[in-house]
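One structure below.
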Amino acid sequence: MAAHQEKKLAEERKHQNMQNDTKASQGQWGRAWEVDWFSLASILFLLMFAPLIVYYFIMSCAQYQCSLTDPLLDLLTGNKHLSDIWNRTPMLTYRAAAIYSLWVTFQVFLYVSIPDFCHKFFPGYVGGVQEGAVTPAGVVNKYEINGLQAWIITHVLWFANASCFHFFSPTIIFDNWIPLLWCANILGYAVSTFAMIKGYFFPTNAKDCKFTGNFFYDYMMGIEFNPRIGKWFDFKLFFNGRPGIVAWTLINLSFAAKQQELYGEVTNSMILVNVLQGIYVLDFFWNEAWYLKTIDICHDHFGWYLGWGDCVWLPYLYTLQGLYLVYHPVQLCTAYAAGVLTLGLLGYYIFRMTNHQKDLFRRTNGNCRIWGKKPEYIECSYMSVDGTKYYSKLMTSGFWGWARHFNYTGDLMGSLAYCLACGLEHMLPYFYIVYMTILLTHRCLRDEHRCSSKYGKDWKRYTAAVPYRLLPGIF
Ligand code: NDP
């Protein structure tokens, strides 16, 4: 009986492997060819609850001093009704709509109208027109990389206003935080819906569209791979980086200004959060060209996950630490603050060096030195839909020999540091590390599924050479 079952299992595994290899050879990597019940359930859950989760966090700060349990207790004990909470929530205002429209229009202007000049001044910075990776249809898109410039111009104007012009208060973002949330939601839903319609009726590249036949999956995960308007307005690059990530540092600065206004000082915890997250944001823009080779741009299609996520989830939930510190100004003792700073910088170092090693390795096609030695790697091949065969390499030395996603491990260390900067009194600031752990673990599995379909048996050789995903010896 056991032998019979084992034989059946072996046959099933063989069949599955053959299917994977066929998909790999037909260039099906990067497309979901079936939507399993778990993916569908997760998608429906997120579509229904993600906007509520964001609202719950922001409302709990505004109405319950950032307590995550008190609103629930109030509702469960009948102390308050949903309508009581809702009636105390600020609505959309003309002022917020004007601020938000101006903000997005300004970022669109910076993105499409001013070609990059930073690469002419900053040695080592890669900006201007750059090429992305090969898409499943075999297309290589060109991008205008000018995010660093947009970030600098925006922040120079912000500081000029705060110190000289005083057109608006630097607390403007905090003061309109919930009305701006409604604006961000309107944009997030509008752009995701537009992307879906565009995918059906006027895609930028029809061969790079993915139709699973499931409406919800397609809406959430996207149909078009690289939707564009005109030659240069790329939805993924724009919405991923701006307006959300440019705003991240401004939001934190606005929270710091609010602390100053309310308490007459900015706490060291707020400075830590501003500095550590500021490094992360600046790193993102300094390496925007490298970012073209990451999963978001290389492999994900553009749907609600990226469109709404970049407009709402990112600016509202990645900045919870700063928001929390407005309501709870924590002054850390020097030793604790130094420990958090060290963890944050170490995490950042690992994150950057791991990403840098892969980038260098891929750019030089393996002709480089990693930790003073020639890198070790596995040769692999894959095919695009038109049947063209491509060759690639998977590095098995440096940080990439320690684990298959050690860059995520560094990112998680940095994320933990942001949370620890808020002290140990409250749950809310720790949402970020919980979320990042789920996001990056899921991303790891998603990426490996895709790579396995793309590289087939070569991927198996790679996982045998580097057996762990995030933590050597553990996972
Ligand atoms: P990676 O940069 O790890 O890219 C994964 C891809 O790299 C794979 O699909 C594969 O692509 C290639 N690859 C995998 N293993 C190797 C290897 N050994 N040698 C060479 N190439 C390899 O993942 P992400 O794009 O997800 O992440 C980029 C960074 O962004 C990470 O540091 C992550 O922490 C961060 N991030 C942050 C988020 C946030 O919200 N703060 C969200 C997501 C990511 P190929 O098909 O080309 O072989």
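Count residues from 1 along the sequence. Whatever order the structure lists ligands and atoms in, that order sets their numbers, starting from 1.
- With a 4.0 Å heavy-atom cut-off, ligand 1 is reached by the side chain of C451 but not by its N, CA, C or O.
- The shortest N/O to N/O separation between S392 and ligand 1 does not fall below 3.5 Å.
- Judged by the shortest distance from any of its heavy atoms, Y318 lies inside the 4.0 Å radius around the atoms of ligand 1.
- At under 3.5 Å, a nitrogen or oxygen of N355, whether backbone or side chain, sits near a nitrogen or oxygen of ligand 1.
- Under a 4.0 angstrom heavy-atom cut-off, K293 registers as lying outside contact with ligand 1.
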Do Y435 and W313 pass the side-chain hydrogen bond (donor to acceptor under 3.5 Å, both in side chains) test, and can you show the C-alpha distance, the side-chain angles, and the key distance before you say yes or no? CA-CA 11 Å; Y435 162 72; W313 187 270; 3.2 Å; yes
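- Salt-bridge check for E224 with K210: failed, with every basic side-chain N at 4.0 Å or more from each acidic carboxylate O.
- Ligand 1 has Y462 within reach: a non-hydrogen atom of the residue lies less than 4.0 Å from it.
- No donor-acceptor contact under 3.5 angstrom links the side chains of S392 and E379, judged on distance only.
- The ring pair (Phe, Tyr, Trp, His ring centres under 6.0 Å) with F284 is formed by just one residue from the set Y291, Y318, F351; it is Y291.
- With a 4.0 Å cut-off on non-hydrogen atoms, L439 touches ligand 1 through its side chain and not its backbone.
- Under a 4.0 Å N-O distance rule, the pair D283/R352 qualifies as a salt bridge.
- For F361 and Y377, the ring centers sit closer than 6.0 Å to each other.
- The shell of residues lying under 4.0 angstrom from ligand 1, judged by heavy atoms, includes W290.
- Taking every heavy atom of Y455 and a limit of under 4.0 angstrom, the matching atoms of ligand 1 come to 45 (P), 46 (O), 48 (O).
- Checked by distance only, ligand 1 and K393 stay at 3.5 Å or farther apart across all their nitrogen or oxygen atoms.
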Could you walk me through whether K198 and T204 pass the side-chain hydrogen bond (donor to acceptor under 3.5 Å, both in side chains) test, one step at a time? CA-CA 8 Å; K198 183 173 173 326; T204 305; 2.7 Å; yes
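- For ligand 1, the polar-atom distance check against M395 finds a nitrogen or oxygen pair separated by under 3.5 Å.
- Ligand 1 has a nitrogen or oxygen under 3.5 angstrom from a nitrogen or oxygen of R450.
- The backbone and the side chain of T294 each have at least one atom closer than 4.0 Å to an atom of ligand 1 (non-hydrogen atoms only).
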Show your working on salt bridge (Lys or Arg N to Asp or Glu O under 4.0 Å) between R446 and D300 and close with a plain yes or no. CA-CA 11 Å; R446 209 157 56 94; D300 284 344; 3.0 Å; yes
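- For ligand 1 and M436, the ligand atoms under 4.0 Å from any heavy atom of the residue are 39 (C), 41 (N).
- Each of the following atoms of ligand 1 lies closer than 4.0 Å to a heavy atom of K454: 45 (P), 46 (O), 47 (O).
- Considering backbone and side-chain atoms alike, R443 places an N or O below 3.5 Å from some N or O of ligand 1.
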